[in-house]
Amino acid sequence: MAAVPDPVVIINLLLCGIICFLGYLVYRKHEKISAILISIAFGMFGLSHLSVLLGLTLFPEATFILLRVCAYILVAGALWLLLSE
């Protein structure tokens, strides 16, 4: 597959990287598990965006869907932890 230089995917990848980094910084400063869960989730989203951007089939379609579903579950779990505090 050829690389697809889609500006939306590039922006999404950049923002995923920023959120991933900020989540890590919040975790280091406040030791909140929810922050690192969100960081991991957005790292997973970033991996899927990178795969689309490079036009690589890093994952079969079912695995690609599961990657994103697991990332959404991580974000929901992190928000649940924050709600229960």
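Just so it is clear, the values below take in all heavy atoms, side chains as well, and ignore hydrogens, waters and symmetry mates.
- Taken to the nearest 0.5 Å, the CD1 atom of Ile38 stands 12.0 Å off from the CD1 atom of Ile33.
- Contacts of Phe42 classified as ring pair (Phe, Tyr, Trp, His ring centres under 6.0 Å), with partners at least two apart in sequence or in another chain: Phe45.
- For residues 76-85, the set of pairs meeting the salt bridge (Lys or Arg N to Asp or Glu O under 4.0 Å) definition, not counting sequence neighbours, comprises Lys32-Glu85.
- As a member of the Ile/Leu/Val/Met/Phe/Trp/Tyr network built from side-chain separations under 4.5 Å, Val69 groups with Ile65, Ile73.
- For the residue pair Ala35 and Val26, the shortest heavy atom distance occurs at CB-CG1, 3.6 Å.
- Considering only residues two or more places apart in sequence or on other chains, Leu25 meets the side chain to side chain contact (heavy atoms under 4.5 Å, CB included) condition with Phe21, Leu22.
- Shown here are the side chain to side chain contact (heavy atoms under 4.5 Å, CB included) partners of Leu74, two or more places apart in sequence or in another chain: Leu37, Ile40, Ala41, Met44.
- Scanning for side chain to side chain contact (heavy atoms under 4.5 Å, CB included) contacts around Ile11 gives Leu15, with sequence neighbours left out.
- For the atom pair OG (Ser39) and CD1 (Ile36), the distance works out to 4.5 Å, reported to the nearest 0.5 Å.
- Pairs passing the salt bridge (Lys or Arg N to Asp or Glu O under 4.0 Å) check and including a residue from residues 13-26, sequence neighbours excluded, do not occur.
- Identified under the salt bridge (Lys or Arg N to Asp or Glu O under 4.0 Å) test for residues 44-55, with sequence neighbours left out: none.
- Among residue pairs with one or both ends in residues 65-75, those qualifying as side chain to side chain donor-acceptor pair (under 3.5 Å) are Ser48-Arg68; sequence neighbours excluded.
- A side chain to side chain donor-acceptor pair (under 3.5 Å) check over residues 14-29, counting only residues at least two apart or in different chains, returns the pairs Tyr24-Arg28.
- Considering only residues two or more places apart in sequence or on other chains, Leu79 meets the side chain to side chain contact (heavy atoms under 4.5 Å, CB included) condition with Val75, Leu82.
- The hydrophobic clustering, which links ILVMFWY residues whose side-chain heavy atoms are closer than 4.5 Å, places Leu53 and Phe64 together.
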